[in-house]
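Remarks on the structure that follows.
Just so it is clear: chains get the letters A, B, ... in the order the sequence lines come, proteins before strands, and each one is counted from 1.
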Amino acid sequence: MNIIIQNAPYLLKAAGNTLWLSAVSLGISLIFGTAVGVLAAFRFWPVVILNQIGVYSVRGIPLLVVLYFIYFSLPLIRVDIDPYSTAVIGLSLYFTFFISEVVRGAVISIPRGQIDAGKSIGLSFWSRVRLVILPIASRTAIPPLINVAIILVKGTSYASVISAWELTTASTEVAQRTIAPFQVYGFALFLYFVICFALTSLARSAERRLGFQH
Amino acid sequence: MPKLRIRGLRKSFGDLEVLRGVDLEVESGEVLAIIGASGSGKSTMLRCINILEDYDHGTIEVDGEPVGYTVDTNGNRRKRRERENELLRTRVGMVFQSFNLFPHLRAIENVTLGPIHVKGESRADATARGRELLAKVGLEKKTHEHVANLSGGQQQRVAIARALAMNPSLMLFDEVTSALDPELVGEVLQVMRSLAEEGMTMLVVTHEMHFARDVADRMVFFADGTIVEEGVPRDLIDRPRDERLQRFMRRFSAIS
Amino acid sequence: MNAFARQLAYLFPRLLPGLWIALELAIIAIVVAAIAGLGLALLRNCRWTWIRWLVAAYVEVLRDTPLLVQMFFFFFGLPLLGLQLSPFQAAALSLATQHAAFFAEVYRGGFQSVSRRHKEAAKALGMGYWKTLRLVTLPLAVIRTLPAISNELVQIVKDTSVASTIAVMELTLQARTLAEQTAATSLAFVAVAIYYLVITGFITVGMRALEQRLRFAE
């Protein structure tokens, strides 16, 4: 127990890094994912193809492999960045296509009547997107998106493999130093749990309040 | 001994008292039609007879055997074990309004499931009998169809065959034609009619007055959780005495 | 282009040993998780509240923590309790425990989707709890959750890559070794990605065919 207490500050700091890493990657994925999702929903064919390829790849290739690939590839094109940013790139790329599918599904599920109503009151395409489609699609999309966020937070643990400094890396350091893997990894699991459980609860209350529609 | 005897049956769902003291006797081979407005308790009573629902008060006996609960001479009520209930259910067949066929099985498999797995019959015996029963309900050509490919009337006839396959001594029909398109109702009623002619004891909750008048030996009218009037179907239909029954019948003469 | 093709041709057979290990790992995990998950899902209907709560807690904890840390926990932590597992065993155990939780959730959804009516029809025929479960509820639940089960199978295969972090020589570690030791570097990961895509492709296509054949039980 003492070991946990002694190292808690260090691990909590690392957890902070994990949160930061998650937030940044999530933010980037959200921006690109939404764009791809919306455009794919509107059948804009270059994006449809891109989305298909991306989703297929992401569904079939482990995140770890993608991270390794980027980590090993960047030096080849003379890009020299820190592991942390590499992780951000890898995570963002991967999760963009998770998000694009959620968004695409949400946009498609909007009843045609709503869009027709928007047209009939004279809204332009982008106004319709902004005032009709995104608000309605958000309601459907938010619970699944929170679930993607949870997967993403868990995914940040792989950043340790490419030497980025976050909770898993820190736990490994401490565990090796104190030879108390049980307590240290146990504590790390606890911290991850706290974060992800908070998100799960958020998703559940969002589902309830947004009126889960089929 | 009457096939079915019900005394003082009471049941509540929470605060709502659905059955307020039902007394009923049905003789072997009798066909009893049960009519009444929705919510009057008729389906609930049926479901108590094969213990799909518990009941709060009263006794039910099938072939002299107590159903669901035993009451000793001191009036103490004891719940029967579920295994005993399961055995009872093999002797009482039920056909539901929404058929409730097993969608992952073909017609013949729906019919033979009970005999094989509950009664322990051999697959060969059960299948042979199953084919007979399906032929009896007019579906000898559809034995190997998946039930989703059958029409509503066909599905309900499979459901009847399924119930018959268990060799019940009493059959319960819970508004079995209410969910069918009008043109499919006739084929099901035809099967029920021939079943009655063969001497099966049947309790039929129904809205089909013509069927009740032609086939049933006796009819009871349910209102507010109890039987309010009973007698020969003809009498209840043409000369209803209770005021609620009169109102009920007026709705039907308007249609027919 | 030719250089790429030649390198890939060099890489593919060298990744093959990793493939067998990965498949072995996946199959063990799938079998154990599918069965254990079923047990957990059934325990959810147990009479005792504390068992139900325990199962719910187990599922929640395993869903809200990363597989990688769980694997470290098992591999590095268990020896301190006297349980010395090989990397392969620790990986298999970790995969199985995590995915048992996911399977439990899939089954739970499946059970809930089986209409009361079907269970009632079985009850009316005199079937007891276990018979109804075996002959009606379980078949229908599995058929209805085939897409979710398909996702789970794919996810397990992908998760075998995590075993690379505890020195199990499966596909990903094999690829990383090749990347570090040969001139192929990141191309090794392209090759291994293709391997993964092929396996998961097979699973997806196979499951979809199964779904089609079982369409009648909707």
- [ ] Compute both the distance and the angle, then confirm whether C:Arg14 meets the cation-pi test with C:Phe12: under 6.0 Å from the six-membered ring centre, within 45 degrees of the axis.
- [x] no
Open item on the list: For C:Thr204, which atoms come within 4.5 Å of any heavy atom of chain A: side chain, backbone, both, or neither?
Closed with: neither
Task: Interchain contact, A:Ile179 with chain C, by part (heavy-atom threshold 4.5 Å) - done: backbone
- [ ] Could you tell me the separation between the CG atom of C:Leu40 and the CD1 atom of C:Ile51, rounded to the nearest 0.5 Å?
- [x] 11.5 Å
Open item on the list: Among C:Val198, C:Ile194, C:Leu197, C:Leu171, which residue has the highest count of heavy-atom pairs closer than 4.5 Å to chain A?
Closed with: C:Leu197
Task: Within-4.5 Å side-chain heavy-atom neighbours: C:Val168 and C:Ile166 - done: yes
- [ ] Using a strict cut-off of less than 4.0 Å between a Lys/Arg side-chain nitrogen and an Asp/Glu carboxylate oxygen, indicate whether A:Glu207 and A:Arg204 qualify as a salt bridge.
- [x] no
Open item on the list: Centre-to-centre under 6.0 Å for C:Phe76 and A:Phe182, is that the case here?
Closed with: no
Open item on the list: Please rank A:Tyr158, A:Phe193, A:Tyr192 by heavy-atom pairs under 4.5 Å with chain C and give me the top one.
Closed with: A:Phe193
Task: Under 4.5 Å from any heavy atom of chain A - which part of C:Val192 - done: side chain
Task: Spacing of C:Leu173 atom CG and A:Tyr68 atom OH [to the nearest 0.5 Å] - done: 7.0 Å
- [ ] Can you tell which part of C:Thr165 gets under 4.5 Å to a heavy atom of chain A, answering side chain, backbone, both or neither?
- [x] side chain
- [ ] Tell me, for C:Gln155 versus chain A, whether the close heavy atoms (under 4.5 Å) come from the side chain, the backbone, both or neither.
- [x] neither
- [ ] Assess the pair A:Tyr10 and A:Trp165: is the distance between their ring centroids shorter than 6.0 Å?
- [x] yes
Task: When C:Leu67, C:Leu68, C:Thr200 are compared by non-hydrogen pairs under 4.5 Å with chain A, the top option - done: C:Leu68
Task: Side-chain heavy atoms of C:Phe189 within contact of A:Phe72, under 4.5 Å - done: yes
- [ ] Mind ranking C:Val162, C:Val154, C:Thr160, C:Leu187 by heavy-atom pairs under 4.5 Å with chain A and telling me who comes out on top?
- [x] C:Val162
Open item on the list: So for A:Ser171, is it side chain, backbone, both, or neither that comes closer than 4.5 Å to the heavy atoms of chain C?
Closed with: neither
TODO: Would you mind reporting whether C:Arg44 and C:Tyr107 have side-chain heavy atoms less than 4.5 Å apart?
DONE: no
Task: Interface moiety of A:Ser160 toward chain C, non-hydrogen atoms closer than 4.5 Å - done: side chain
Task: Among the listed options A:Tyr185, A:Tyr71, A:Tyr56, the residue most often paired with chain C at heavy-atom distances under 4.5 Å - done: A:Tyr185
TODO: Would you mind telling me which of A:Leu189, A:Thr200, A:Leu64, A:Val153 has the largest number of heavy-atom pairs within less than 4.5 Å of chain C?
DONE: A:Leu189
